[in-house]
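Worth knowing before you read on, the calculation uses all heavy atoms, side chains too, and leaves out hydrogens, waters and symmetry mates.
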Amino acid sequence: MAPSGSRSIKRSCQTVLYWIPVIFITLIVAWSYYAYVVQLCIVVYLLAYHVVFILFTWAYWQTIFTKPMNPLKEFHLSYSDKELLEREDRGESQQEILRRIAKDLPIYTRTMSGAIRFCDRCQLVKPDRCHHCSVCDKCILKMDHHCPWVNNCVGFSNYKFFMLFLAYSLLYCIFITATDLQYFIKFWTAEGRTHDRLLEYLNGLPDTQAKFHIMFLFFAASMFSVSLASLFVYHCWLVCKNRSTLEAVRAPAFRHGADKNGFSLGLSKNFRQVFGDEMRYWPFPVYSSLGDGCSFPTCLVNQDPEQPTSPGHNPPPNKTVVGESHQFPAKPLRESQSRLLNSAPSWTENGGAEDKERRGTSNPAMAIENET
């Protein structure tokens with residue numbers, strides 16, 4: 001067993017390594033600010049540039065420093081349940097204990113083998129769409145992926161911020177590319193001119209250093225635009241389908257089988273689950289997502305014989321699930337959130353054709369879930 005001092009040094013080194021991508025992006029952004037504002041310094045563009053820059057850095061900050069949400073205490077095993085689980089042999093006897101515990105929880109997904117999803121590391125029954133991140137060493141609600149560029153897990157608590165970060169960083173790069181293009185073209189078409197005439201032709205760009213800043217700024221912005229555009233479009237598709245990156249690769253499994261569209265409620269409701277009901281909050285990286293992250297409406301829970309078959313399916317957010325001590329969510333939702341999460345029309349909004357597609361069992365792809 002390694003000494004505690006060695007483990008501490010190892011953890012410190014890992015922490016430093018995890019922050020390197022964030023520092024790299026921060027330096028690139030800081031340099032781009034210098035190159036555009038100080039070297040290019042076109043007054044007519046600066047106002048629009050700073051609006052985009054502020055929204056971009058605000059969203060990036062929120063994505064980095066918003067802590068991922070973990071399952072509520074109701075999903076953690078009690079001391080007596082832990083002891084009982086440890087005493088039992090692994091296998092069906094443990095599953096019986098977990099099924100008894102999960103019966104009182106709003107859980108509809110299973111493992112591919114039909115077992116209750118249980119995290120050995122966190123000692124809890126996993127809520128729907130929750131996964132254990134091996135980097136954070138925690139179970140993350142509605143985990144999408146662990147992103148090294150923000151040194152954070154992207155999940156329920158910061159997925160809206162991540163989407164806005166992608167949107168504003170793409171807009172930032174496109175804006176720089178578009179406004180810098182004319183000077184980039186002039187730089188190359190002015191070859192062969194004398195140094196003094198070149199500076200005059202570039203409309204007052206002060207020196208050779210400035211010209212190279214502008215040239216490489218164009219290259220960097222255009223290259224980032226391509227990669228960001230593909231990533232942003234992909235995540236827009238995920239939002240429209242109400243899937244996480246993990247669910248796009250491996251469909252969530254219900255008792256009747258795997259179903260890639262199990263959590264889809266239709267385009268409008270899927271979007272509002274991430275961005276909220278109030279349009280004035282959509283463009284800004286402030287929290288407005290609906291729900292509690294522990295339970296999600298789904299059109300397929302009716303097929304689970306162990307769960308209620310009432311039209312609303314999920315327990316009302318402001319009522320107890322079992323006894324007086326279990327409430328989902330911990331804090332009451334706004335009326336608009338309750339409408340989204342509990343209204344009966346949610347389950348059939350997409351019509352009969354898509355519902356038939358949902359009920360068919362899909363073939364899950366190889367899992368990329370970052371679990372221990």
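Judged by distance alone, the side chains of Ser32 and Tyr172 do bring a donor and an acceptor atom under 3.5 Å apart. Side chains of Ser244 and Lys142: no donor on one and acceptor on the other come within 3.5 Å. Between the side chains of Tyr49 and Thr179, no donor N or O sits under 3.5 Å from an acceptor N or O. Asp137 and His132 share a donor-acceptor pair across their side chains, judged by distance under 3.5 Å alone. In summary, the side chains of Asn270 and Ser264 do present a donor paired with an acceptor at a separation below 3.5 Å, with no hydrogens or angles considered.
The hydrophobic cluster containing Leu17 also includes Ile20, under a criterion of side-chain heavy atoms closer than 4.5 Å among ILVMFWY residues, counted directly or through chains of members.
Linking ILVMFWY residues whenever their side-chain heavy atoms come closer than 4.5 Å, directly or via other members, places Val52 and Trp31 in the same cluster. Under the 4.5 Å side-chain contact rule for hydrophobic residues, Met279 and Leu164 share a cluster. Cluster annotation: Val286 and Val51 are assigned to the same hydrophobic cluster (Ile/Leu/Val/Met/Phe/Trp/Tyr, side-chain heavy-atom contacts under 4.5 Å, transitive). A continuous path of hydrophobic side-chain contacts links Ile176 to Leu27 [ILVMFWY only; heavy atoms under 4.5 Å]. No single ILVMFWY cluster, assembled from side-chain heavy atoms under 4.5 Å apart, contains both Val233 and Val239.
Put simply, the residue from Lys260, Lys241, Arg129 that forms a side chain to side chain contact (heavy atoms under 4.5 Å, CB included) with Glu247 is Arg129.
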Review point. Could you walk me through whether Phe224 and Ile28 pass the side-chain contact (heavy atoms from CB on, under 4.5 Å) check?
Key: CA-CA 11 Å; Phe224 274 109; Ile28 289 289; 4.2 Å; yes

Practice item. In sequence, state the C-alpha distance, the side-chain angles, and the governing distance for Ser222 and Val226, and then conclude on side-chain contact (heavy atoms from CB on, under 4.5 Å). Key: CA-CA 7 Å; Ser222 56; Val226 174; over 6 Å; no

Check your understanding: Given Asp144 and Leu246, is the side-chain contact (heavy atoms from CB on, under 4.5 Å) satisfied, shown in steps?
Key -> CA-CA 6 Å; Asp144 188 89; Leu246 296 177; over 6 Å; no

Exercise for review: Output, in order, the C-alpha distance, side-chain angles, deciding distance and verdict of side-chain contact (heavy atoms from CB on, under 4.5 Å) for Val154 and His146.
Suggested key: CA-CA 6 Å; Val154 176; His146 186 93; over 6 Å; no

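Using the six-membered ring where Trp is involved, Phe65 and Trp61 have ring planes that are tilted, between 30° and 60° apart. Ring geometry for Phe165 against Phe56 counts as parallel: the plane angle stays under 30°, on a 0 to 90° scale with 60° as the upper cut. Between Trp149 and Phe24, the ring-plane angle classifies as tilted under the 30° and 60° cut-offs. Between Tyr45 and Tyr36, the two ring planes are tilted [angle within 30° to 60°].
Closest heavy-atom contact between Ala253 and Thr111: CB-O, 3.8 Å. Of all non-hydrogen atoms in Phe156 and Gly293, the two that sit nearest each other are CZ-N, 3.4 Å. The minimum heavy-atom distance linking Asn242 with Gln273 is given by the pair ND2-OE1, 3.1 Å. Nearest heavy atom pair, residue Pro71 against residue Cys139, reads CD-O, 3.4 Å. Across every non-hydrogen atom of Tyr60 and Val150, the tightest pair is CE1-CG1, 3.6 Å. Pairing each heavy atom of Asp128 with each of Pro106, the nearest pair is OD2-O, 3.8 Å.
Atom NZ of Lys67 has 12 or fewer neighbouring heavy atoms from other residues, nucleotides or ligands inside a 6.0 Å radius. With a 6.0 Å radius and a threshold of 12 heavy atoms from other residues, nucleotides or ligands, Trp19 has its CH2 atom above the threshold.
Note that the CG atom of Leu217 and the CE atom of Met215 stand 11.0 Å from one another [nearest 0.5 Å]. Put simply, CD1 on Ile97 and NZ on Lys82 are 14.0 Å apart, with the number rounded to the nearest 0.5 Å. For the atom pair Thr63 OG1 and Asn152 CG, the distance stands at 8.0 Å (nearest 0.5 Å). Atoms CG and CD, on Asp180 and Gln182 in that order, are 8.5 Å from each other to the nearest 0.5 Å. Taking CG from Leu141 and OG from Ser157, the interatomic distance works out to 8.0 Å, rounded to the nearest 0.5 Å. Note that CE of Met163 is 5.0 Å distant from CZ of Phe232, once rounded to the nearest 0.5 Å.
Side chains of Met143 and Cys133 form a contact here, defined as non-hydrogen atoms less than 4.5 Å apart. Taking 4.5 Å as the limit, every side-chain heavy atom of Thr66 sits out of range of all side-chain heavy atoms of Tyr287. Proximity of Pro283 to Tyr168: side-chain heavy atoms (C-beta onward) are separated by under 4.5 Å at one or more points. Looking at Ile116 and Arg110, their side chains come closer than 4.5 Å, going by heavy atoms from C-beta outward.
Between Tyr33 and His50, the gap from one ring centroid to the other is short of 6.0 Å.
In this view, Arg280 and Glu278 satisfy the salt bridge (Lys or Arg N to Asp or Glu O under 4.0 Å) rule, not counting sequence neighbours.
Looking at Tyr108, its side chain never comes within 3.5 Å of a backbone N or O of Phe296 through a donor-acceptor pair.
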